[in-house]
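Structure first, commentary second.
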Amino acid sequence: MLVYNTLTRKKEEFKPINPPNVTMYVCGPTVYDYFHIGNARSFIMADIIRRHLIFKEYNVTFVMNLTDIDDKIINKSIEEKIDSSKVSQKYVASFFEDIEKLKIKKADVYPKATEHMDEIISLIKNLEEKKLAYNSDGNLFFRVKEFKNYGLLSGKNTDDLELGSRVEVNEQKENPLDFSLWKKAKAGEPYWDSPWGKGRPGWHTECSAMSVKHLGKTIDIHAGGNDLIFPHHENEIAQSEGCFESKFVNYWMHFGFLNFQDEKMSKSLGNFFTARDILKKYSAEAIRLFFCQTHYSGPLAFSEELIASSEKGLEKISNFVEFINSKSSYGESEGVECSFDFDFFLSRFVTAMDDDFNTPQAVAAIFNFIKSANKYAVENPKLNSDFFVKAGEFIQKTAGDVLGIADFKQTNKIDQTLSHDLVNLLIEIRQKAKVEKNYSLADEIRDKLNSFGISLKDSKEGTTFKIS
RNA sequence: GGCGACGUGGCCAAGUGGCUAAGGCGAAGGUCUGCAAAACCUUUAUUCAUCGGUUCGAAUCCGAUCGUCGCCUCCA
């Protein structure tokens with residue numbers, strides 16, 4: 001398996017520290033608002049990477065942090081005149097609702113910053129003892145100049161950064177590049193007690209502290225959006241490696257942005273759609289397929305038309321699932337032996353995913369499979385059920401388990417409900433009407449069913465239906 | 001100013017030195033059907049922003065030009 005590593009700017013052979021175990025940490029949301037569809041891209045692609053590692057029989061421990069204390073949360077609590085913990089609770093709850101709707105597997109742990117104050121404080125204390133951090137009137141800062149590898153991940157050198165005009169000027173800092181580890185509480189702000197007085201952790205500190213606590217000093221994969229490379233991940237490396245004196249992360253993975261109208265979708269620009277709003281119009285599977293059709297690392301332009309076209313593409317998969325479903329349960333056990341080469345298509349899919357999670361190629365492998373399997377079934381009308389069972393397994397493994405854009409098992413269950421028997425009964429009655437050339441009755445049955453969202457489809461082998 | 005990504009058919013998007021340049025949407029034709037809808041099948045880039053260069057051979061490597069975007073401040 002090859003994985004592109006931001007740190008080395010190359011694709012590298014993936015070698016976990018402790019195979020078959022893999023430790024994976026993904027930067028989660030700051031819970032001050034609903035997350036937008038651009039955030040969803042990162043969460044979904046991280047989910048797919050994890051699912052593929054599981055498919056490859058790795059034992060993955062997946063951690064996603066929830067930043068539940070920070071300036072934006074405090075601002076929101078002031079705006080809405082409620083306690084900051086109420087703000088974070090509300091958006092933690094909505095976060096879980098949304099990721100469930102997006103068919104994202106739950107992480108093994110969702111550590112919260114506010115529940116790891118001891119770990120955060122001891123990390124900062126350690127840095128202070130090593131002179132990598134200094135206290136400036138109750139605020140703790142990291143001394144960037146003392147950390148040799150600073151800038152390695154983002155490809156920046158400290159001299160260039162100093163020349164940049166955008167570096168924040170803060171009288172309390174020895175150097176404008178130094179970043180905040182602990183913020184002294186202002187009047188009215190939430191606070192935790194520390195050796196330096198009342199305050200709260202800086203943004204970066206929590207990830208270092210929680211990653212080591214739940215996954216260990218050195219982890220296999222740390223992932224997040226492109227915009228986290230600098231300064232967030234750069235600062236995490238400085239803190240963690242400064243504190244523990246061992247390598248923090250072996251593979252750094254970063255997701256490209258979702259753009260809208262030629263600009264990065266972001267809260268601050270206001271050009272965003274929340275994931276929950278998009279979910280009102282489009283299925284989770286269509287959203288996931290839309291993201292899979294572009295490689296995770298590149299930019300992706302968002303528009304409703306594009307999601308709509310993915311929704312259409314998805315129909316090709318769900319039609320195929322329905323087709324094999326209708327055959328696998330009733331299929332003949334004594335038909336023609338199948339000679340279809342399932343392994344060829346499965347290996348194309350796996351090869352694509354093994355090459356730095358190339359989901360566009362993996363999706364192409366699925367569509368190629370469907371096209372060939374359809375053709376094969378047309379050319380070999382008396383196939384035994386073996387073919388359809390294997391086709392179902394193929395879809396379940398690839399589109400189901402790994403990409404999360406189809407669920408063969410679930411559809412299969414629905415097939416066996418009473419409502420299906422009832423619809424089939426109506427189809428039988430309609431068939432009799434058709435034989436008697438009573439087309440007005442036949443059409444009436446079809447139209448009525450259609451008005452309930454059940455569309456009938458006549459073909460040579462009989463009538464099938466689809467519930468929308 | 002520093003660093004980085006990108007420019008492939010009507011739209012989206014893989015491919016990064018050599019078989020016929022994946023796949024999806026759209027479009028056109030066909031099969032099926034009492035009609036219809038759906039489904040399925042077939043077709044749809046001698047060409048990869050432009051101009052040079054390297055090479056037996058380049059969308060793929062090198063250089064220049066044009067254009068787009070991102071990071072350097074909170075951001076997935």
Side-chain angles (χ1 to χ4, degrees), chain A residues 6 9 26-30 32 35-46 70-72 75 151 154-157 159-168 177 203 223-232 234 254-259 262-269 272 289-290 292-303 305-317 319-320 322-323 348 352 355 358-368 370-371 374-375 377-379 434-435 437-439 442-443 446-447 450 455-461 463-466:
Chain A
T6 309
R9 286 149 210 270
V26 179
C27 284
T30 300
Y32 72 106
F35 65 85
H36 62 67
I37 191 72
N39 304 125
R41 182 184 186 195
S42 292
F43 301 152
I44 287 172
M45 294 323 288
D70 110 309
D71 292 1
K72 290 191 292 283
N75 290 340
S154 54
K156 296 180 190 305
N157 70 63
D159 296 335
D160 290 339
L161 283 167
E162 277 186 83
L163 292 171
S165 54
R166 300 172 82 182
V167 174
E168 159 194 9
L177 295 179
W203 175 37
N226 251 332
D227 48 2
L228 297 181
I229 296 173
F230 189 90
H232 185 55
E234 196 70 72
H254 292 95
F255 307 115
F257 298 127
L258 193 62
N259 296 327
D262 290 332
E263 275 183 313
K264 168 187 170 185
M265 187 182 285
S266 75
K267 286 272 163 65
S268 44
L269 288 168
F272 65 92
L289 176 60
F290 169 63
C292 284
Q293 283 172 312
T294 301
H295 191 254
Y296 74 81
S297 62
L300 170 57
F302 172 86
S303 77
E305 288 75 28
L306 289 171
I307 296 205
S309 80
S310 293
E311 190 88 75
K312 286 288 246 176
L314 197 66
E315 277 180 37
K316 208 164 220 169
I317 300 173
N319 285 330
F320 182 74
E322 277 173 43
F323 169 61
R348 278 181 69 176
D355 183 12
N358 193 326
T359 52
Q361 278 190 353
V363 167
I366 293 173
F367 281 112
N368 274 321
I370 289 175
K371 185 175 253 190
N374 266 326
K375 220 172 154 182
V378 168
E379 286 164 2
K434 279 171 68 178
V435 170
K437 296 210 192 291
N438 185 353
Y439 294 125
D443 288 352
R446 183 174 60 192
D447 293 346
N450 209 16
S455 55
L456 299 189
K457 188 160 83 177
D458 293 336
S459 72
K460 220 186 247 171
E461 288 99 37
T463 302
T464 57
F465 64 92
K466 184 173 168 180

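To find a chain, count down the sequence lines: A is the first, B the second, and so on, and within it residues start at 1.
- Side-chain nitrogen and oxygen atoms of A:N368 include at least one within less than 4.0 Å of the OP1 or OP2 phosphate oxygen of B:G23.
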Under-3.5 Å N/O pairs linking protein and nucleotides 12-14 of chain B:
unit_1	atom_1	unit_2	atom_2	d
B:A13	O2'	A:Q293	O	3.2
B:A14	OP1	A:H295	N	2.9
B:A14	O3'	A:N358	ND2	3.2
B:A14	O2'	A:Q361	NE2	3.0

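- When the P atom is used for both B:U60 and B:U44, the distance is 25 Å, rounded to whole Å.
- Side-chain atoms of A:N450 do not come within 3.5 Å of backbone N or O of A:R446 as any donor-acceptor pair.
- Atom P of nucleotide B:C74 and atom CG of A:N226 are separated by 17 Å, given to the nearest angstrom.
- Shown are A:N259, A:N39, A:L300, A:I37; of these, the side chain to side chain contact (heavy atoms under 4.5 Å, CB included) with A:M265 is made only by A:I37.
- The side chain of A:F367 approaches B:G24 more closely than any other nucleotide in the set B:A22, B:G24, B:G34.
- In this structure, A:M45 CE and A:T294 OG1 are separated by 8.5 Å, a value rounded to the nearest 0.5 Å.
- In this structure, A:N39 atom CG and B:C74 atom P are separated by 17 Å, rounded to whole Å.
- Here B:G4 presents its P atom at 16 Å from NE2 of A:H254, a figure rounded to the nearest Å.
- Comparing the P positions of B:A58 and B:C69 gives an interatomic distance of 33 Å, to the nearest angstrom.
- The shortest distance between side-chain heavy atoms of A:K156 and A:L177 does not fall below 4.5 Å.
- Within the 3.5 Å criterion, the main-chain N or O of A:Q361 finds a donor-acceptor partner in the side chain of A:N358.
- Residues meeting the side-chain hydrogen bond (donor to acceptor under 3.5 Å, both in side chains) test with A:S310, sequence neighbours left out: A:Q293.
- Comparing B:C48 with B:C41, their P atoms are spaced 31 Å from each other, to the whole Å.
- Between A:D71 atom CG and B:C74 atom P there is a gap of 10 Å when expressed in whole angstrom units.
- To the nearest whole angstrom, the two C1' atoms, one in B:A37 and one in B:A76, are 42 Å apart.
- Distance check, rounded to the nearest 0.5 Å: OG1 of A:T359 to CD1 of A:I44 gives 11.5 Å.
- A:A362 approaches A:A352 most closely through the heavy-atom pair N-CB, 3.6 Å.
- The residue A:M265 sits close to a base: some heavy atom pair falls under 4.0 Å.
- The side chain of A:K156 sits closest to B:C71 out of B:C25, B:G34, B:C71.
- Residues A:I307 and A:F302 have side chains in contact (heavy-atom distance under 4.5 Å, counting atoms from C-beta outward).
- The distance between atom CD of A:E263 and atom P of B:A76, rounded to the nearest whole Å, is 17 Å.
- Atom CZ in A:F320 sits roughly 14 Å away from atom P in B:G24 (whole-Å rounding).
- With distances taken from any side-chain atom of A:A364 to the nucleotides B:A76, B:G34, B:G23, the minimum falls on B:G23.
- Mapping A:I370 and A:R446 onto RNA chain B via the closest heavy atom, the residue that lands nearer the 5' end is A:R446.
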Might you list the N or O atoms of the protein lying below 3.5 Å from N or O atoms in nucleotides 37-39 of chain B, with each pair's distance?
none

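- Rounded to an integer number of Å, the gap from CD of A:E234 to P of B:C74 is 14 Å.
- Taking the side chain as every heavy atom from C-beta outward, A:K264 and A:D227 approach each other to under 4.5 Å.
- Nucleic acid contact for A:S42: base, since at least one base atom lies under 4.0 Å from a heavy atom of the residue.
- Using P as the reference atom, B:U42 and B:C6 are 34 Å apart when rounded to the nearest Å.
- Residue contacts shown for A:I229 are absent, as no nucleic acid heavy atom lies under 4.0 Å away.
- Note: CD (A:E379) to P (B:U31) measures 17 Å, nearest angstrom.
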Steps toward side chain to side chain contact (heavy atoms under 4.5 Å, CB included) verdict (A:K434, A:D458): CA-CA 11 Å; A:K434 279 171 68 178; A:D458 293 336; 3.2 Å; yes

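- A:D443 contributes a side-chain N or O that forms a donor-acceptor pair with the base of B:G34 under 3.5 Å.
- Residue A:Y439 is the one, among A:Y439 and A:G225, whose nearest nucleotide of RNA chain B lies closer to the 5' end (criterion: closest heavy atom).
- Taking atom C1' on both B:G24 and B:G67, the two are 27 Å apart, rounded to the nearest angstrom.
- Within the 4.0 angstrom heavy-atom criterion, no nucleotide atom of any strand lies near A:K437.
- Within the nucleic acid shown, A:G224 comes within 4.0 Å of sugar-phosphate atoms alone, with no base atom in reach, counting heavy atoms only.
- Using a 4.5 Å heavy-atom cutoff, the side chains of A:S266 and A:F257 are not in contact.
- Taking the ring-ring contact (aromatic ring centres under 6.0 Å, His included) definition, one finds that A:Y296 meets it with A:F255, sequence neighbours left out.
- When the ring-ring contact (aromatic ring centres under 6.0 Å, His included) test is applied to A:F290, no partner is found at least two apart in sequence or on another chain.
- A:F230 comes within contact range of the sugar-phosphate backbone alone, with a heavy-atom separation under 4.0 Å but no base atom that close.
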Dot-bracket notation for RNA chain B, counting Watson-Crick and G-U pairs under 3.5 Å, with | for partners on another strand: ((((((((.[[[..)..(....]]]((((((.......))))))....[[[[[..)....]]]]])))))))....

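- If you take atom C1' in B:C56 and the same atom in B:G70, they sit 40 Å apart, rounded to whole Å.
- The separation of B:U47 from B:G15, taken at their C1' atoms, amounts to 14 Å, rounded to a whole angstrom.
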